[in-house]
Amino acid sequence: MKTKPPGLVVVSNRIPVTCQYERGKLRLQTSSGGLVSALEPLLEDQGGVWVGSPGGYDSPEVHKLMAGAAHPKNHRYASVYLSAEEQQYFYQGFSNEVLWPLFHDLQSRCNFDPRYWRSYQDVNRKFAKAAENAAGPDTLIWIHDYHLMQVGRTLRAHRPEARLAFFLHIPFPPPDIFEKLPWRREILEGLLEHDLIGLQTRRDERNFVGCLRSFVPSIKIAGGEEGHTVVSERRQTYIRFLPISIDYPKFSEAAASAPVQQRVEEIRAHHSGMQIALGVDRMDYTKGIPERLKAFRSLLRNYPQFHRRVTLIQIVVPSRESIPHYQDLKNEVERLVAEINGEFGEPEWIPINYIHRSIPREELIAVYNAAEVALITPLKDGMNLVAKEYCASRAQTDGVLILSEFAGAASELRNGALLVNPYDEDGVAAAIKKALEMPAEERHRRMLRLQNQIRTANILKWRDRFFAAIKKSPAAS
Ligand code: GDG
């Protein structure tokens, strides 16, 4: 008997499990990062196939480990295996030395090596083939993020009638930055093979449409407030900003649970008489970690009344460690932590408590709950889920969110958060002071607004809005 084809195939660079060497042995670990956090609850609820790479190199050992891996209850993984060279040129190279810095407005960090582009196209074809194998004729194929912007091109060539959607998790740059990309036209035309393109914010939608106008002159664009429709030679594409979110109850319920509350008590008892400020980030230069540490140093220099009264817990999850810029960043962060602790520390007070590893989800929720202030100050960020998770985890409807105006989350959370320019060291220091001194009634009022916003616009709502937008896309009508 033939099995029913799945209704949804999600395609992303990584699936939620990672093959990694640990003390010389290859093991399976859970992957962390915003995309996995966002898509996991959605697939749990919806079912389907998740196509992506499990990391590690294409080898019999990795295949064997994946063959024995447990699949989640409601969906299954279809692995795409990458060679060492593909990891180097496609992943580290084109994805993370070209697209990542360029799309975060940091073009001086780009390395436009043409070998990277060739590998990017080859690997995108590989992902397209895996998606095609997993999809039935009516399946929606939903491709995610900047690693896979050419997958739609191959899929469309093989399946002209397929339903294809794309979501970009990172920002889309304005035309005067995007134009530096030698393959700008190919990237835009590849994206236009989808029926729907979702972006994080209105600004990203505006930038993307601006780039289409500048670099693909043959198309017609209509629309405004309710999204844009692009008519190209062969098809129509609907473009819409759809801000991603979190599984709100997962955080709020865990935060209120007895084991988490017990951990919160322990963490607070350890910092008795002090307020806790918190940073949680992947180790990435876009997250503004050195700039934040310098702002915290300004707080301690400008306002000595906070000595022994505040501790910054900074959790940094190792990321992309084989890329030189990331190694330099780690050294810079560690130097700054040591300098600041050296300058201000006392026998009974360490100003910055630095954790350089991923901690378990429940422990993270306990830390969110224990911290009076969250310092989310990326230089540029597609959304930033940590900002939303922090609010959802505040069981006592209290706590102050300090948020960079350059995070995608700022457009939804501006009414409750204290918005800052992450490049303004003294400005961020003043915002931390304001947060630490904020009256309880104002903290409560602001947090209530934030929680209401995030609870209503949660991840399942995001999915529903995405599916509603697909129905609106011209191919569906
Ligand atoms: C990309 C875009 C966009 C962090 N530390 C630990 C841990 N985490 C989890 C957090 C959160 C995720 O990692 C980080 O998500 P972000 O959204 O903040 O950032 P990116 O990884 O850069 O994500 C971003 C996102 O995609 C979704 O579209 O918002 O702009 O760059 O979920 O909880 N998880 C655990 N331990 C940790 O120590 N378990």
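Counting convention: from 1, in listed order, for ligands and their atoms alike.
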Residue pairs passing the ring-ring contact (aromatic ring centres under 6.0 Å, His included) test with at least one member in residues 313-335, sequence neighbours excluded, are Y285-Y326
The atoms of ligand 1 lying under 4.0 Å from a heavy atom of S37, numbered in the order shown, are 11 (C), 12 (C), 32 (O)
Regarding Q20 and R27, do their side chains bring together a donor and an acceptor under 3.5 Å, going by distance alone?
no
Of all protein heavy atoms, the one nearest atom 2 (C) of ligand 1 is H169 O, 3.8 Å
- Within the structure, does W100 bring an N/O atom to less than 3.5 angstrom of an N/O atom in ligand 1? no
Looking only at protein heavy atoms, what sits closest to atom 16 (P) of ligand 1 is L385 N, 3.6 Å
Ligand 1 to R361, heavy atom cutoff 4.0 Å, flagged ligand atoms 39 (N)
Please verify the inter-ring angle class for Y368 with F251; under 30° counts as parallel, over 60° as perpendicular, anything in between as tilted. tilted
For Y146 together with F103, are the ring centres under 6.0 Å from each other? no
Between W100 and H104, what is the ring plane arrangement, given parallel below 30°, perpendicular above 60°, and tilted in between?
tilted
Atoms of ligand 1 under 4.0 Å from any heavy atom of Q200, numbered from 1 in the order shown, are 3 (C), 28 (O)
- How are the rings of W183 and F94 set relative to one another: parallel (under 30°), tilted (30 to 60°) or perpendicular (over 60°)? perpendicular
*Can a donor-acceptor pair be found between the side chains of N415 and R449 at a distance below 3.5 Å?*
no
If we number the atoms of ligand 1 from 1 as shown, the ones under 4.0 Å from a heavy atom of G382 are 30 (O)
Is there a donor in the side chain of E205 and an acceptor in the side chain of Q200, or the other way round, less than 3.5 Å apart? no
among protein heavy atoms, the one nearest atom 7 (C) of ligand 1 is L364 CD2, 3.7 Å
Of N384, I244, V386, the residue with the heavy atom nearest atom 29 (O) of ligand 1 is N384
* **Contact check, E363 vs ligand 1, heavy-atom distance below 4.0 Å** => no
Residues at least two apart in sequence or cross-chain that pass side-chain contact (heavy atoms from CB on, under 4.5 Å) with K126, listed by chain then number, are V80, L82, E86
re atom 19 (O) of ligand 1, the protein heavy-atom contact at minimum distance is K287 NZ, 3.1 Å
One finds that the ligand 1 atoms under 4.0 Å from a non-hydrogen atom of L35 are 26 (O)
request  = On the 0 to 90° scale, with breaks at 30° and 60°, tag the Y89-Y116 ring pair as parallel, tilted or perpendicular.
outcome  = tilted
query: According to the interplanar angle, ranging from 0 to 90°, do the rings of F466 and F167 count as parallel (below 30°), tilted (30 to 60°) or perpendicular (above 60°)?
result: perpendicular
Atom 10 (C) of ligand 1 has as its nearest protein heavy atom E389 OE1, 3.3 Å
of all protein heavy atoms, closest to atom 13 (O) of ligand 1 is G33 N, 3.6 Å
Counting from 1 in the order shown, the ligand 1 atoms closer than 4.0 Å to a non-hydrogen atom of V280 are 4 (C), 5 (N)
Atom 30 (O) of ligand 1: closest protein heavy atom, distance to 0.1 Å, is D381 OD1, 2.5 Å
Quick one about S322 and Q92 (side-chain donor to acceptor, distance below 3.5 Å, no hydrogens or angles considered), yes or no?
yes
The closest protein heavy-atom partner of atom 15 (O) of ligand 1 is G34 CA, 3.2 Å
For I359, the ligand 1 atoms with a heavy-atom partner under 4.0 Å come out as 35 (C), 36 (N), 37 (C), 38 (O), 39 (N)
Within 4.0 Å of some non-hydrogen atom of V317, the atoms of ligand 1 are 4 (C), 5 (N), 6 (C), 37 (C), 38 (O)
